[in-house]
Amino acid sequence: DESASSSPGGGSTALMYLSDRDVKLAKDSSTSPWGSRAPNPSFDGLSCVHVLDLQSTEDALVQSSVNKYINAPYGGGGGAEVAMEGLQELSFLMDAMQKKALANATKTEDTKLTSSGAGKGEEGSGQQPFIIDTPISFGIESDDSFLFARSSYHVDHIPAGKYVEIVCQLEDDHDPSLLLLTELPDGKGYGLSLFAIADWPSDSTEEVTSSSELMLLNVAMSTDGRHVLTLQGEKLKITPRTVKGALAFFTDEDSEKNIADADGLHVSVWPRLEYRQMYADAWRMLRDYFYDSDMHSVDWDAVFERYMPLVERCSKREDLDDVLKQMIGELSALHSFVYGGEYSSPHHGDLALKKINDVATLGAILRRSPDKGGYVVVDVPQSDPDLHMVDGEPMYSPLSHRVLALSGQAGVSPGDVIVAVNGENVMDVPDIHMLLRNTAGQSIRLDVLRLESTSKFRELQKMKGRLMREQNEDARLEDEGVAPEPLIVVPMTSTESKSLSYAAWEWRTRERARFLAATSGFSCGYIHVQDMSGASAMDSFVRGFYPDYDKEALIVDVRNNRGGNIDSWLLDILQKKAWMYWESRSSNITMGGLGWDMQYAFRGHLVVLINEHTSSDGEAFARGVSELGLGKLVGKRTWGGGIWLSSDNKLVDGGIASAPEVGTYNDKLGWGLGIEQMGVKPDIEVDNNPKSAYNGEDTQLDYAVDVLKEWLEREPVVMPKQPGPHRDMSMKEGGCSI
């Protein structure tokens, strides 16, 4: 990262940049690989701020060359050294003179333009409308060692804070002060800091910050670069980019001065004109971002003309999406997506209205049953009992005994019937979820017929019936045990319910894999990686791998993996090899302890499950396992996206027509690694029959266990034997012997 600070004349005076050459171990970092999950060191302060004083060509000419002779870098101070330095100085001065001549020519041309009326500022102001950078001398062009950069210095004493960006340098002559955008505590908004760095060789700093009560929503520079615009609530404040203006900003705590009249300020958008702009922008950014500058030999100019008439007929944003998709499709490249932007909403931006229509769920599979007068509970998903919360989300159904026992209630079981929600009969509405709108996170009452489960309420009913019969033999108990029972539950969001269902499937699959392996006579671990994105994906792999790293076999399931960017991290862990073993009096490789070096290295056989929904980085992981010889692939051919992207070519309304930006290749497979448009082909192809999968069967998993069983029979994973008795170091009769 780098940022140039500017002088009053518009020229940059200093280049501030971040260097990561120096590193510092984080205070809470592990200093050893010994410990749970073989912790890796982490580093904070990965970058430090450097400042490089930018020297103009005029300054270079004025600077005394005598200092160059005195400070010659050659030892001895002899005539040859001085002569060599003189040649360097002469070359430097000639280069500076050439750049000055070029700068003067540019100024002359600007004067001609101004005199002809082009590029004028305000009438009679005598000012340039925009800032023009001063030509900077970067030393001798042939100097590959960049001697000019050695005058940069490290700014060490920077006050702690969450700095977002450098807004600008103050406009006053030779003033090094910077305006910095900072994040307020707890992420409640932004503030400004006036930050000054003393002249070299001092690295001292001074800082003045805005009040924590002053929360900025946005900060920007005016078009001419001479004013800072700040948005504070509904107030748009304009501050001159000077020391005087900055001090006035920090002392005006009530934000009453220099407020722009923004009443009635609106932005007029003509959708059809905006659609043309977004189409042109999408086409242009694809041209500039696409990994192949030849655009896969497609006549890209002709593509623009071909689809432009369709843009003229677009009457809504969704129509434009269709056109953009067709245009991108001409490149025949995956990782080309169209999404986001401004669409018509039935809620009209009203969050309260949206929340009213959000449908909550009970985290269970229900079936409407007119015969039983309600909704029969078909299944209550159960996830790993050791994990109540995963990455902050509840991993249990609101109807499960696990959660209801906390309030002294009993959970429901498959076969029980829900007959009412908050006193309203569920058969009076087309769907039970109509009664669950806007109830996520709130307590509601269910009336439940416990046909399969039991509870304290039901036991009390049975006790009451027995007492009635004992007192009156003719007394008749009405449908003992099936009277509706009240149950207070807290519904969950549809997103939480989806995560619960996925976690329940994952747990059932892991338990099935372990059971099948144990039945076949070997130990096996199972890890499902849903995607390759961020902390949740890394957490998922760690939770699954380290408890089972010492098993004879391992199944890594990347079916339905949505991609991301952590394939290299997974492959790095799986490539660890055990080459040394430890044993003490109290532990060895079979009795506990880490056992071997490299710590937590997996020594067994690996199978990776893939299918047609394994995409992007999930495919890269599978290809890496194959190319590095780490294991076998079982399942179906994958999605086929081998060109990567960063999704940063956004359109004016926040949407995107993504451009595949980064091509992948190696010497063996060429462009796309055999993934792009073809997918990763498994070593052993096995399909899951849809009907069997719906009934809970997993043919691909079963086959993976069979593959591992046969593999282990051919190549068993055995622990190394002890090398035998230890050395005899006792003193023998007759003295020592070698």
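For this chain, numbers begin at 1 and follow the sequence in order.
Side-chain atoms of Asp294 and Ser297 form a donor-acceptor pair, as typed in the model, at a separation below 3.5 Å. A donor and an acceptor atom, one from each side chain of Glu619 and Thr614, are nowhere located under 3.5 Å apart.
A salt bridge does not link Glu697 with Lys691: every distance from a Lys NZ or Arg NE/NH1/NH2 to an Asp or Glu carboxylate oxygen is 4.0 Å or more. A salt bridge links Arg276 with Glu312: the distance from a Lys NZ or Arg NE/NH1/NH2 to an Asp or Glu carboxylate oxygen falls below 4.0 Å. Using a cutoff of 4.0 Å between basic side-chain nitrogens and carboxylate oxygens, Glu330 and Arg306 are scored as salt-bridged. Taking the charged nitrogens against the carboxylate oxygens, Arg317 and Asp653 do have a contact shorter than 4.0 Å, which makes a salt bridge. A salt bridge links Arg559 to Asp698: at least one charged side-chain nitrogen sits closer than 4.0 Å to a carboxylate oxygen.
In this structure, Arg313 places its CZ atom where only 12 or fewer heavy-atom neighbours from other residues, nucleotides or ligands lie under 6.0 Å away. Residue Lys650 places its NZ atom among 12 or fewer non-hydrogen atoms of other residues, nucleotides or ligands, all under 6.0 Å distant. When the shell of 6.0 Å around OH of Tyr190 is examined, it contains 12 or fewer heavy atoms from other residues, nucleotides or ligands. The local environment of OH in Tyr343 is crowded, with over 12 non-hydrogen atoms from other residues, nucleotides or ligands closer than 6.0 Å. A 6.0 Å sphere centred on NZ of Lys576 holds more than 12 heavy atoms belonging to other residues, nucleotides or ligands.
The side-chain heavy atoms of Val323 and Cys314, taken from C-beta on, include a pair separated by under 4.5 Å. Using a 4.5 Å cut-off on side-chain heavy atoms (C-beta onward), Glu274 and Val652 make contact. Taking the side chain as every heavy atom from C-beta outward, Leu574 and Leu606 approach each other to under 4.5 Å. Under the 4.5 Å side-chain criterion, counting only non-hydrogen atoms from C-beta, Met221 is not in contact with Leu229. At a threshold of 4.5 Å between non-hydrogen side-chain atoms, the residues Val228 and Cys168 count as touching. Within the 4.5 Å cutoff, the side chain of Val680 has no heavy atoms near those of the Arg637 side chain. By the 4.5 Å heavy-atom criterion applied to side chains, Cys524 and Leu554 are not counted as neighbours. Between Leu669 and Thr664, every side-chain heavy-atom pair lies at or beyond the 4.5 Å cut-off.
Within the 3.5 Å criterion, the main-chain N or O of Asn560 finds a donor-acceptor partner in the side chain of Asn611. Using a distance-only test at 3.5 Å, with no hydrogens or angles considered, no donor-acceptor pair links the side chain of Asp281 to the main chain of Leu651. A donor-acceptor distance shorter than 3.5 angstrom exists from the side chain of His335 to the backbone of Ile643, with no hydrogens or angles considered. Although no hydrogens or angles enter the test, the distance criterion places no donor-acceptor pair under 3.5 Å between the side chain of Asp572 and the main chain of Ser568. Between the side chain of Ser626 and the main chain of Ala622, no donor-acceptor pair closer than 3.5 Å is present. Of the possible polar contacts, none joining the Ser658 side chain to the Ser647 backbone as a donor-acceptor pair under 3.5 Å is found. Glu676 places a side-chain N or O within donor-acceptor distance of the main-chain N or O of Leu334, the cut-off being under 3.5 Å. In terms of modelled atom types and a separation under 3.5 Å, the side chain of Glu627 and the main chain of Gly624 share no donor-acceptor contact. A distance-only check finds a donor-acceptor pair linking the side chain of Asp617 to the backbone of Asn565 [under 3.5 Å]. Between the side chain of Ser616 and the main chain of Gly563, no donor-acceptor pair closer than 3.5 Å is present.
Between Ile656 atom CD1 and Met278 atom CE the span is 13.0 Å, to the nearest 0.5 Å. Taken to the nearest 0.5 Å, the CZ atom of Arg37 stands 7.5 Å off from the OH atom of Tyr600. Atom OH of residue Tyr526 and atom CG of residue Asp557 lie 3.5 Å apart, to the nearest 0.5 angstrom. Interatomic distance, Trp569 CH2 to Phe541 CZ, rounded to the nearest 0.5 Å: 6.0 Å. Here the CZ-CD1 distance, from Arg623 to Ile675, works out to 5.5 Å after rounding to the nearest 0.5 Å. Distance check, rounded to the nearest 0.5 Å: CD1 of Ile610 to NZ of Lys636 gives 10.5 Å.
Checked against a 6.0 Å centroid threshold, the rings of His296 and Tyr291 count as neighbours. A centroid separation of less than 6.0 Å is found between the aromatic rings of Phe304 and Tyr279. Taking the six-membered ring for Trp and the full ring otherwise, the centers of Phe602 and Tyr549 sit at least 6.0 Å from each other.
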### Test side-chain hydrogen bond (donor to acceptor under 3.5 Å, both in side chains) applied to Thr509 and His528, step by step
CA-CA 9 Å; Thr509 306; His528 176 71; over 6 Å; no
### Residues Glu496, Ser499; criterion side-chain contact (heavy atoms from CB on, under 4.5 Å); working and verdict
CA-CA 5 Å; Glu496 292 171 340; Ser499 298; 5.7 Å; no
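Taking the six-membered ring where tryptophan is involved, the planes of Tyr339 and Phe337 are tilted, since the angle between them lies from 30° to 60°. Note: Trp300 and Trp283 have parallel aromatic rings, judged against thresholds of 30 and 60 degrees for the angle between ring planes. Ring geometry for His605 against Trp711 counts as parallel: the plane angle stays under 30°, on a 0 to 90° scale with 60° as the upper cut.
When each of Val607, Val686, Leu609 is paired with Tyr703, the side-chain contact (heavy atoms from CB on, under 4.5 Å) condition holds for Val686 and for no other.
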